[in-house]
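Quick notes on the structure that follows.
Values reported hereafter were calculated over all heavy atoms of this structure, with side chains retained and with hydrogens, waters and symmetry mates removed. One is the number of the first residue; the rest follow in order along the sequence.
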Amino acid sequence: MTDTATDFDVMIVGAGISGIGMAAHMKEKAPGHSFAIVERRDNLGGTWDLFRYPGIRSDSDMHTLGFDFEPWKHEKSIADGPSILEYLDRIVDDRDIRRHIRFGHKVISADWRESDARWHVTLETGEGERKHLTANWLYLGSGYYDYDEPYDPGFDFGEFAGQVVHPQFWPQDLDYSGKNVVVIGSGATAVTIVPSMSDKAAKVTMLQRTPTWMFSRPAKDALANFLRKILPEKTAYKITRWKNITLQDFGFKRARNKPKKMAEALHKRIRKSLGEDWDMTAFTPPYNPWDQRLCLVPDDDLFEAMKSGKAEIVTGHIKAFEKGGVRLTDDSFLPADIVVTATGLKLAVAGKIALSRDGVPIDLAQHYYYKGCMFSNVPNLAVVFGYLNASWTLRADINSDYICRVLTESRRRGVDVVEPVLTPQAEAAIEEDDIFDFSSGYIQRSKSIMPKNAVAYPWRLNQEYVADRKRMQDDPIDDGLLAFRQHGANARSADEQLEAAE
């Protein structure tokens, strides 16, 4: 057994929304614990630093995508990328977090060693140097998708003579002025890019294989801006946040319970923007609203671009990429100088870090989520995987708060290992659930790599923020499943420990 000092109590992986949120929560709620954030990129922000395509913005309101502890002060609640980065920068500087961030450090592997109750982490710098650090806890705020490799649908660009761009790797010097642009895809990225490029491009065509449900709302929240004039900043933010959480929850449940009514309401709103005579075929998916995430159209920007003739939506299947554009299977032809492949992300689990326990690989696909925060029979490891039906940060906030309470309880007890224990007998009795009840392609493609999900709480990643928040705050930390122990306190094997904890 080694007695050398742990480098950090908590190593936070990722300096995006999840990682910065955890650091801020620790500063307030677990101030006696040391931490470091390791970030593979040279800047903070995660997604908001990586993506640089035209119009990059949030697809949910910043009163819920913002943190519970830091009011959103901008007039627009549907915010652009630079405004979100400004918000994160302010949090990092106001709370003295920046000095804890190690930029240009990519986590390659992490091995939990029971002998000293530490994660032994191997990192690689931008110069290719390997480093080794240790931490008692590993908190993964590394996001949910592969930063290196987007989803590749396997297009053959054979004879196409123009430029092909993926939104994840947008070239800074792309000149699309006066060009014909075809954006392949119908998700949030495509819906953002099309109106944003239409101001300079000759024509922007969104080519969709399948329509997506869309809804329009103002980019500015009138109530939020009014309340900020008459109430203290934090009070106004709290009220607006509660209002938007309630509306999100109501809208999702209404879509699931009364899908036809929701579809009619969405179509009614689109007709209000485009006109009563507009053909709704391009806005009528073969699935119900919220079977996939809805696409936000702030201030009707996509619809306004369509009415002006600068943008259009075409539904069809690609036959071939030809010299001057895209040929569809119905033999129609879309002229294109530039093709943007907004075809989706490739999901990744745990930031593609090779996790192991005393040298034995940990396959998270064989472990159950515990309270959407930890994993069965994996010690001192926490993760953030945000909501599909609400803002990502809602989960980040409750997970950060929960782990801070676990850290505090561990120190009070004088222990250094915390593990959600699921015995073989208990696991055999679990009824497994579909981890994501969504039909989106990127979700369906990734199911084989995702951790397991049970029907019953707490062994699941839930999709109900209001219920999750109450449970995470009110349920006792010591629930009979979360085992607290001091490393080396007994010499029993892991199997014997599980048996004893049953």
Within a strict 4.5 Å, meaning less than it, do heavy atoms of the [X] and [Y] side chains meet?
| X | Y | value |
| --- | --- | --- |
| W459 | S376 | yes |
| K243 | L223 | yes |
| T246 | D249 | no |
| V340 | I184 | no |
| I362 | F375 | no |
| I403 | C373 | yes |
| I430 | Y368 | yes |
| S83 | K76 | no |

Taking atom types as modelled and ignoring hydrogens, do the side chains of [X] and [Y] form a donor-acceptor contact shorter than 3.5 angstrom?
| X | Y | answer |
| --- | --- | --- |
| E432 | N453 | no |
| T134 | H120 | no |
| D111 | S356 | yes |

(request) Just do the side-chain hydrogen bond (donor to acceptor under 3.5 Å, both in side chains) check on S400 and D397 with the steps written out, would you? (result) CA-CA 5 Å; S400 296; D397 271 333; 5.8 Å; no

Got more than 12 heavy atoms from elsewhere within 6.0 Å of [atom1], [X]?
| X | atom1 | result |
| --- | --- | --- |
| R90 | CZ | yes |
| K470 | NZ | no |
| K238 | NZ | no |

Under 4.0 Å between a side-chain nitrogen and a carboxylate oxygen: does that hold for [X] and [Y]?
| X | Y | result |
| --- | --- | --- |
| K106 | E124 | no |
| R99 | D96 | yes |
| E70 | R95 | yes |
| K352 | D146 | yes |
| E114 | R485 | yes |
| R357 | E419 | yes |
| D468 | R395 | yes |

(request) Please report the C-alpha distance between K131 and D7 in whole Å, then the side-chain angles of each, then the deciding distance to 0.1 Å, and finally whether the salt bridge (charged side-chain N to carboxylate O under 4.0 Å, His left out) criterion is met. (result) CA-CA 12 Å; K131 291 186 176 182; D7 285 323; over 6 Å; no

(request) Could you walk me through whether T192 and R57 pass the side-chain hydrogen bond (donor to acceptor under 3.5 Å, both in side chains) test, one step at a time? (result) CA-CA 8 Å; T192 300; R57 59 164 172 79; 3.2 Å; yes

Output yes when a side-chain donor or acceptor of [X] lies under 3.5 Å from a complementary backbone atom of [Y], and no otherwise.
| X | Y | value |
| --- | --- | --- |
| E39 | A15 | yes |
| R40 | H105 | no |
| R256 | W290 | yes |
| N377 | L422 | yes |
| W119 | L133 | no |

(request) May I ask you to check if R471 and Y457 form a cation-pi contact, with NZ or CZ under 6.0 angstrom from the six-membered ring centre and within 45° of the axis? (result)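 R471 over Y457 ring: yes.
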
(request) Identify whether NZ of Lys or CZ of Arg in R460 sits under 6.0 Å from the centre of the six-membered ring of Y369 and within 45° of that ring's axis. (result)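 Not flagged: R460 not positioned over aromatic ring of Y369.
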
(request) For the residue pair F385 and W392, categorise the inter-ring angle as parallel (less than 30°), tilted (30 to 60°) or perpendicular (more than 60°). (result) tilted

(request) If the plane angle is over 60° it's perpendicular, under 30° parallel, otherwise tilted; pick one for F169 and H166. (result)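 It falls in the tilted class, 30° to 60°.
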
(request) Could you pull out all residues at least two apart from R413 that satisfy salt bridge (Lys or Arg N to Asp or Glu O under 4.0 Å)? (result) E409, D478

(request) Name all residues meeting the salt bridge (Lys or Arg N to Asp or Glu O under 4.0 Å) criterion together with K234; count only those two or more places apart in sequence or in a different chain, and write none if there are none. (result) none

(request) List for me each residue that meets ring-ring contact (aromatic ring centres under 6.0 Å, His included) alongside F8, sequence neighbours excluded, and say none if there are none. (result) none

(message) Before you tell me yes or no, could you show the steps for E427 and K452 under salt bridge (charged side-chain N to carboxylate O under 4.0 Å, His left out), namely the whole-Å CA-CA distance, both residues' side-chain angles and the distance that decides it to 0.1 Å?
(response) CA-CA 11 Å; E427 183 170 351; K452 293 182 177 182; 3.7 Å; yes

